[in-house]
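Per chain, numbering begins at 1; letters A, B, ... match sequence-line order.
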Protein chains: 2
Amino acid sequence: MGKSHDIRRQEIVEATLDLAAEQGLKKLTTQAIAERVGIAQPTIFRHFKSRDAIFGAVIGWVAENIFRVLEQLESEQLAADQRLRRLLQRQLAFAGRRRGIPRLLFSDRLHVESPELKAAVREIYQRIIARIAALLQEGRTQGCFRSDLDPEQTALFIGALMQGTILRWSMMDFGFELEDEAEALWTFLWPTLRP
Amino acid sequence: MGKSHDIRRQEIVEATLDLAAEQGLKKLTTQAIAERVGIAQPTIFRHFKSRDAIFGAVIGWVAENIFRVLEQLESEQLAADQRLRRLLQRQLAFAGRRRGIPRLLFSDRLHVESPELKAAVREIYQRIIARIAALLQEGRTQGCFRSDLDPEQTALFIGALMQGTILRWSMMDFGFELEDEAEALWTFLWPTLRP
DNA sequence: CTTAAAAGCAATTAACCAATTGCTTTTTCG
DNA sequence: CGAAAAAGCAATTGGTTAATTGCTTTTAAG
C-alpha cells in the first residue's frame, strides 16, 4: 500500500485547490492532479469515485473551514459590531490563503453541471449570509446598529461585498493581499450600519 | 452564400451568450452554437478563426453596450449622486437582460487561458470603476457626497457590490429580477456616501 | 448571364480526457 | 509469517471536441 486512504484523499483535495488557482478549471484534469500528488492517473479513482467526487470533497473541505470560522466567532464575548468585523476579517483571511477557492466555487461548471455541487456551494453561501443577518439582528437590539436596518437585505449586500472583493482579487491574479481589504471594507461599511 | 458575414457573426455572438446562460461553459461547444444558429459546425469557422475568437467577439459586444450606458450618462444634466444612482440602475438592468454575461465574464476560463480575453474583461471592469470614481470625486466637490470620501477605494467597493449582486443572481439561477436590486442597493449605499 | 468569391456542408482528423481493466506491489493484521 | 485487502500502475477504451479538408451551392458584381 502507498499512503493511507485518508491522507491520499486530503493530498488530492489540496492538489486540486492549488491547481485550480494556478491553471484554472480547464487544465484541472485527473492527469494533472495525479502528477501533482505524485501518483498515476488511474490511482486517483482508487480514492474517488469520479472527478465530480473530488470537487465535492474540495467543497466539503472549504465548507468545513468556513463553518469553523463562524463557530469560533460564537464563543467570543464581544459586541455584535466587533464580531461582524472579525467575521469579515477572518473569512477574507481564509480565502486569501487559498487562491483556488474563488476559481472553483465561483465556476459556472459547478453551478450548471452538477446539482449536488451547486447545492453544496449554495449552502456555504447561505449559512454565511444567515450568520451575518443574525449578527445584524442581535446588534440592532443591542443598540450598536441602526434601528431601521433590514438584517436580511443588509446581510445580502455585505455578502455581495465580500464575494465581489474576492472576485476582483481573483481577476487581478491575486495581486494584492485580500486580508488587508478587510479593514477598508469595514470603513466603507460602518457608516451604513451605525446608529 | 447564406447570410452576410456580419449578420452571421452577430447571430453567433448572441447564440453564444444565450447558450452560456442556459448550459454553462462546458456545453458551450462549436457544435451547440452551430445548432442554435442553424448551420453546420464547420461553418462557424468561416466566420471566426477559433473558438476563442467567438468569445472575444462576445466580450467586445458586451463592452460596447456597457460603455454606451456610461456615455449616455455623461450627457445627462443631473447631480453626481443621481447620476451614480442611474449608473447602478442601468448597468444592473443591462446585465439583467443578458444572463450569459456573468457566466461568461466571471468564468475562470477567460481569466486563466487567454491573456487577450482576460485583458478585455479587465478593461470593462476598470472603465466602470474609473467612471464611478470620477462621479464620486465630482460629487464630493459639489457637496453631495461626504468630504472625507476616498473616491478610488469607494469605487472599488461599489464595483464589488455590483459584481457580488450579479454573482448571487447567477448563483440563484436568475431567480429574481436583477434590476429590482438597484433601488435596495442604493438605500444600502447612500448612508456611506452622504455628507 | 457569367464568374469569382463567399458561404455552406459531410467527412475526417488529431488531441484530449475520464474512467475501466487486468495485473503487480505493498501494507495490515490475525 | 502469510494471506487478504488496499494501493499502485501500464495499457486501453469510449467519448468528446476544435479545427481541417475537399467539395458543392449560393450570392453578388460586372
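- The salt bridge (Lys or Arg N to Asp or Glu O under 4.0 Å) check on B:Glu123 picks up B:Arg127, with sequence neighbours excluded.
- Candidate nucleotides D:dC9, D:dA7, C:dG8 were compared by shortest atom distance to the side chain of A:His47, and D:dA7 ranks first.
- Looking at residues 99-107 of chain B, you'll see that no heavy atom sits under 4.0 Å from any atom of DNA chain D.
- For residues 88-109 of chain A, there are no ring-ring contact (aromatic ring centres under 6.0 Å, His included) pairs, not counting sequence neighbours.
- Taking the nucleotide of DNA chain C with the nearest heavy atom to each of B:Gln41 and A:Arg46, the more 5' of the two is matched to B:Gln41.
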Counting only pairs under 3.5 Å, give me each side-chain donor-acceptor contact of residues 184-195 of chain A, with atom names and distances, residues two or more places apart or in other chains.
residue	atom	partner	partner atom	Å
A:Thr187	OG1	A:Glu183	O	3.0
A:Thr192	OG1	A:Leu189	O	2.9
A:Thr192	OG1	B:Thr192	OG1	3.1

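- Applying a 4.0 Å cut-off to non-hydrogen atoms, none of the residues of residues 51-61 of chain A approaches DNA chain D.
- For the ring-ring contact (aromatic ring centres under 6.0 Å, His included) condition, no pair includes a residue of residues 11-46 of chain A, sequence neighbours left out.
- For the side-chain hydrogen bond (donor to acceptor under 3.5 Å, both in side chains) condition, the pairs that include at least one residue of residues 17-29 of chain A, sequence neighbours left out, are A:Glu22-A:Arg36.
- The ring-ring contact (aromatic ring centres under 6.0 Å, His included) test applied to A:Phe67 returns no partner, not counting sequence neighbours.
- A ring-ring contact (aromatic ring centres under 6.0 Å, His included) check over residues 68-92 of chain B, counting only residues at least two apart or in different chains, returns nothing.
- For the side chain to side chain donor-acceptor pair (under 3.5 Å) test, no residue two or more places apart in sequence or in another chain qualifies with B:Asp180.
- Residue pairs satisfying the side-chain hydrogen bond (donor to acceptor under 3.5 Å, both in side chains) criterion with at least one member in residues 151-171 of chain A, sequence neighbours excluded, are listed as follows: A:Arg103-A:Ser170, A:Arg168-A:Glu181.
- A heavy atom lying under 4.0 Å from DNA chain D marks the following residues of residues 16-39 of chain B, by number: B:Thr29, B:Thr30.
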